[in-house]
Colleague: 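One structure follows; several queries about it will come next.
Numbers here simply count residues along the sequence, with the first being 1.
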Amino acid sequence: MPENQKKALQDPIFSILAEAADELSVDCFVIGGFVRDYLLQRGMPKDIDVVAVGSGIELAKSVASKLPGNPKISIFKNFGTAMIKHNDLELEFVGARKESYNRDSRKPVVENGSLEDDQKRRDFTINALAFSLCKRNFGELLDPFDGVQDLGKKIIRTPLEPGVTYSDDPLRMMRAIRFATQLGFTIELKSLQAITENKERIKIVSKERIVDELHKILQSEKPSIGFALLHKTGVLNYILPELMALEGIEEIEGQRHKDNFWHTLEVVDNISKTTENLWLRWAALLHDMGKAPTKKFHKKIGWTFHGHEFVGSKMVYTLFKRLRMPLNDKMKFVQKMVLMSSRPIVLSEDYATDSAVRRLIFDAGDFVDDLMTLCEADITTKNPRKQNTYKNNFKIVRQKIIEVEERDHIRNFQPPISGEEIMKAFNLKPSREIGLIKSAIKEAILEGEIPNEYNSAYRYMVAKGKQLGLKISENER
Ligand code: CTP
């Protein structure tokens with residue numbers, strides 16, 4: 001056995017698996033992602049898929065009885081699978097099977113089969129690799145479809161005719177694109193054509209699974225690879241039509257606008273160099289989405305996208321809802337980023353006044369740095385002089401944000417005078433005036449008329465109350 005395979009199976013768990021399989025007289029193999037990632041040296045995988053030529057569930061029970069602490073087994077009888085968590089490892093057991101799928105669902109018709117039957121029904125040659133855990137050939141690599149060669153050539157290829165593999169389970173179309181993005185592999189032409197032909201079948205895949213793959217694409221080093229492939233095969237039209245609508249350049253009377261789809265992909269790649277934050281990457285992907293429905297041509301000023309940030313932020317909700325993504329704080333964060341995505345740009349184009357910076361911090365709150373990161377990623381001009389100017393301008397705005405925040409503490413703005421204090425000061429019952437005074441104090445602070453501190457705010461409150469015809473109460477004097 002080559003040295004590296006020995007190393008892969010060094011963990012004592014593999015001897016336990018081999019012993020249990022031997023006692024039950026079943027052949028057993030570790031297969032799929034573990035083998036692939038091990039051979040690609042992507043670190044020691046934590047998920048171990050085990051296939052038994054026999055009952056996977058029985059094998060799991062026997063393995064569990066041999067492990068210290070007698071870990072719990074989760075059994076999924078309908079699927080004939082079982083799962084054990086052991087230390088930081090997750091062991092998945094399945095019996096080798098032959099499978100074929102019904103055209104209208106992802107539920108397979110399953111029969112018992114040999115290891116090779118099982119390898120054949122897997123998605124890609126690089127995911128069909130197996131290490132034997134049988135005593136007679138422990139550690140041998142079983143590779144009937146030249147997966148190792150494909151790993152070397154960096155190719156995504158299906159063991160069967162691609163049309164069969166993708167039609168059997170259309171999620172695999174997204175998996176192919178996701179692996180190509182994560183690993184920097186090429187999807188072989190026949191496969192790419194089959195994805196294009198089967199694109200419509202993505203409709204039968206659950207939204208949760210689609211989103212899972214989208215997350216993995218977005219978390220890759222260069223997400224544009226995946227989105228360009230989704231676009232090329234036409235799958236994108238079924239999952240994110242809002243992005244497809246951004247494609248294209250129109251020209252009227254010699255005036256053109258940029259292609260906002262390809263621009264968006266550049267922004268996503270840019271931001272992926274500076275942040276791991278998945279939701280900020282989503283914001284980059286969706287930041288210009290409102291440009292398609294707001295696009296207009298005016299004879300005098302050319303192309304405009306007025307209000308696209310607001311429209312885009314509303315579209316975030318519709319998109320998250322359609323994809324069954326949680327409508328929670330993460331969604332609100334993405335909405336906020338889209339809504340505010342042009343604000344720092346306006347600031348950087350002109351001299352950024354302190355009050356404009358204070359308003360930006362007030363509106364963006366804790367997310368002001370994320371917003372700046374998004375705007376910096378939005379610089380995709382190929383003109384080096386312009387690129388430098390924009391970058392420098394954002395640097396100045398960032399510096400100003402630090403200075404203004406240090407002095408005025410706007411980030412988590414708390415009104416220096418509470419509504420109760422205003423009521424007490426003017427002997428008021430809950431009323432409209434309280435809101436008016438509170439908002440006047442806030443405006444005065446943001447405008448820089450008064451510093452953000454109690455005494456100044458109190459004096460301002462008294463003056464504002466007088467203007468409204470209110471009298472300060474006796475015990476406040
Ligand atoms: N598999 C498949 N078709 C699918 C999903 C999975 O054939 N639609 C097979 C592949 O052999 C895959 C294995 O099941 O290697 C395990 O699947 P999974 O854990 O989802 O993926 P991994 O390959 O382990 O990769 P990752 O963890 O990155 O998703």
Colleague: For Arg121 and Asp117, run side-chain contact (heavy atoms from CB on, under 4.5 Å): C-alpha distance rounded to whole Å, both residues' side-chain angles, the deciding distance at 0.1 Å, then the answer.
Modeller: CA-CA 7 Å; Arg121 72 169 189 92; Asp117 287 332; over 6 Å; no
Colleague: Search all heavy atoms of Val63 against all heavy atoms of Ala20 and return the closest pair with its distance.
Modeller: CG2-CB, 3.8 Å
Colleague: For Phe261, is there any backbone N or O sitting under 3.5 Å from a side-chain donor or acceptor partner on Asp259?
Modeller: yes
Colleague: Between Arg122 and Leu129, is there a donor-acceptor pair closer than 3.5 Å when you use the side chain of the first and the backbone of the second?
Modeller: no
Colleague: Using only atom types and a distance under 3.5 Å, with no angle test, would you say the side chain of Glu58 pairs donor to acceptor with the backbone of Leu24?
Modeller: no
Colleague: Taking the side chain from Arg322 and the backbone from Ile239, do they hold a donor-acceptor pair closer than 3.5 Å?
Modeller: yes
Colleague: Could you tell me the separation between the CG atom of Leu160 and the CG atom of Asp123, rounded to the nearest 0.5 Å?
Modeller: 11.0 Å
Colleague: Considering all heavy atoms of both residues, which atom of Pro416 and which atom of Tyr454 are nearest to each other, and what is their separation?
Modeller: O-CD1, 3.5 Å
Colleague: Could you tell me whether Lys66 atom NZ has more than 12 heavy atoms of other residues or ligands within 6.0 Å of it?
Modeller: yes
Colleague: In this structure, are over 12 heavy atoms from other groups packed under 6.0 Å from Lys442 atom NZ?
Modeller: yes
Colleague: Begin from the C-alpha positions of Phe227 and Leu285 and carry the test side-chain contact (heavy atoms from CB on, under 4.5 Å) through to its verdict.
Modeller: CA-CA 10 Å; Phe227 289 102; Leu285 185 69; 3.7 Å; yes
Colleague: Any chance you could lay out the side-chain hydrogen bond (donor to acceptor under 3.5 Å, both in side chains) test for Asp168 and Thr165, step after step, and finish with the verdict?
Modeller: CA-CA 5 Å; Asp168 273 357; Thr165 302; 5.9 Å; no
Colleague: Just wondering, do Val94 and Ile31 contact through their side chains at under 4.5 Å, heavy atoms?
Modeller: no
Colleague: Minimum heavy-atom separation for Trp262 and Ala228, please, with both atom names.
Modeller: CZ3-CB, 4.0 Å
Colleague: So does Gln149 get a backbone contact from the side chain of Asp146, meaning a donor-acceptor N/O pair under 3.5 Å?
Modeller: no
Colleague: Taking all atoms of both residues into account, what is the closest heavy-atom pair of Ala292 and Ala245, and its distance?
Modeller: CB-O, 3.7 Å
Colleague: In sequence, state the C-alpha distance, the side-chain angles, and the governing distance for His287 and His263, and then conclude on side-chain contact (heavy atoms from CB on, under 4.5 Å).
Modeller: CA-CA 11 Å; His287 81 286; His263 160 73; 3.7 Å; yes
Colleague: Take Lys199 and Asn237 through the test side-chain contact (heavy atoms from CB on, under 4.5 Å) and record every step on the way to the result.
Modeller: CA-CA 9 Å; Lys199 58 179 180 286; Asn237 220 358; over 6 Å; no
Colleague: Among Asp88, Asp37, Asp11, find the one that has a salt bridge (charged side-chain N to carboxylate O under 4.0 Å, His left out) with Lys46.
Modeller: Asp88
Colleague: Please report the closest heavy-atom contact between Phe29 and Ala130, naming both atoms and the distance.
Modeller: CB-CB, 4.2 Å
Colleague: Among Phe34, Phe138, Phe131, which residue satisfies the ring-ring contact (aromatic ring centres under 6.0 Å, His included) criterion with Phe14?
Modeller: Phe34
Colleague: Compare every heavy atom of Tyr38 with every heavy atom of Pro45, then report the nearest pair and how far apart it is.
Modeller: CG-N, 4.1 Å
Colleague: Is any side-chain heavy atom of Leu323 closer than 4.5 Å to one of Leu240?
Modeller: yes
Colleague: Heavy atoms, side chains only, cut-off 4.5 Å: are Ile445 and Ile410 in contact?
Modeller: yes
Colleague: Examine distances only and state if a side-chain atom of Ser342 and a backbone atom of Ile345 form a donor-acceptor pair shorter than 3.5 Å.
Modeller: no
Colleague: Does His409 reach the side chain of Gln414, with side-chain heavy atoms less than 4.5 Å apart?
Modeller: no
Colleague: Heavy-atom distance under 4.5 Å between the side chains of Met289 and Val338, does that happen here?
Modeller: no
Colleague: Is the ring pair Phe124/Phe179 parallel, tilted or perpendicular, if the boundaries are 30 and 60 degrees?
Modeller: perpendicular
Colleague: Are Asp49 and Val35 side-chain neighbours, meaning at least one heavy-atom pair lies under 4.5 Å?
Modeller: no
Colleague: Is there a donor-acceptor pair under 3.5 Å between the side chain of Ser167 and the backbone N or O of Val164?
Modeller: no
Colleague: Would you say the side-chain atoms of Arg398 and Ser348 include a donor-acceptor pair closer than 3.5 Å?
Modeller: no
Colleague: At what distance, to the nearest 0.5 angstrom, does OG of Ser15 lie from CG of Leu9?
Modeller: 8.5 Å
Colleague: Under 4.5 Å between any side-chain heavy atoms of Phe333 and Asp370, yes or no?
Modeller: yes
Colleague: Could you give me the CA-CA distance, side-chain angles and deciding distance for Arg36 and Asp150, then say whether salt bridge (charged side-chain N to carboxylate O under 4.0 Å, His left out) is met?
Modeller: CA-CA 11 Å; Arg36 178 198 68 223; Asp150 289 346; over 6 Å; no
Colleague: Is any side-chain N of the basic residue among Glu266 and Lys258 closer than 4.0 Å to the acidic one's carboxylate O?
Modeller: no
Colleague: Evaluate whether atom CD of Glu90 has more than 12 neighbouring non-hydrogen atoms of other residues, nucleotides or ligands under 6.0 angstrom away.
Modeller: yes
Colleague: When you check the side-chain N and O atoms of Ser224 and Asp269, is any donor under 3.5 Å from an acceptor?
Modeller: yes
Colleague: To the closest 0.5 Å, what do you measure between CZ (Arg343) and CG (Leu371)?
Modeller: 8.5 Å
Colleague: With a sphere of 6.0 Å drawn around CD of Glu208, does it hold more than 12 non-hydrogen atoms of other residues, nucleotides or ligands?
Modeller: yes
Colleague: How long is the straight-line distance from NZ of Lys330 back to CE of Met325, given to the nearest 0.5 Å?
Modeller: 11.5 Å
Colleague: Side chains of Met340 and Leu360: does their closest heavy-atom pair fall under 4.5 Å?
Modeller: yes
Colleague: Atom CZ in Arg97, atom OG in Ser114: separation rounded to 0.5 Å?
Modeller: 13.5 Å
Colleague: To the nearest 0.5 Å, tell me how far Lys391 NZ sits from Ile379 CD1.
Modeller: 6.5 Å
Colleague: Is it the case that the side chain of Glu309 and the backbone of Ser341 share a donor-acceptor pair, with hydrogens and angles ignored and the cut-off at 3.5 Å?
Modeller: no
Colleague: Give me the ring orientation class for Trp279 and Trp282: parallel if the planes are under 30° apart, tilted from 30 to 60°, perpendicular past 60°.
Modeller: parallel
Colleague: Within the side chain of Arg178, is there an N or O that forms a donor-acceptor pair under 3.5 Å with the backbone of Gly226?
Modeller: no
Colleague: So, does Ser191 use its side chain to make a donor-acceptor pair with the main chain of Ile187 at under 3.5 Å?
Modeller: no
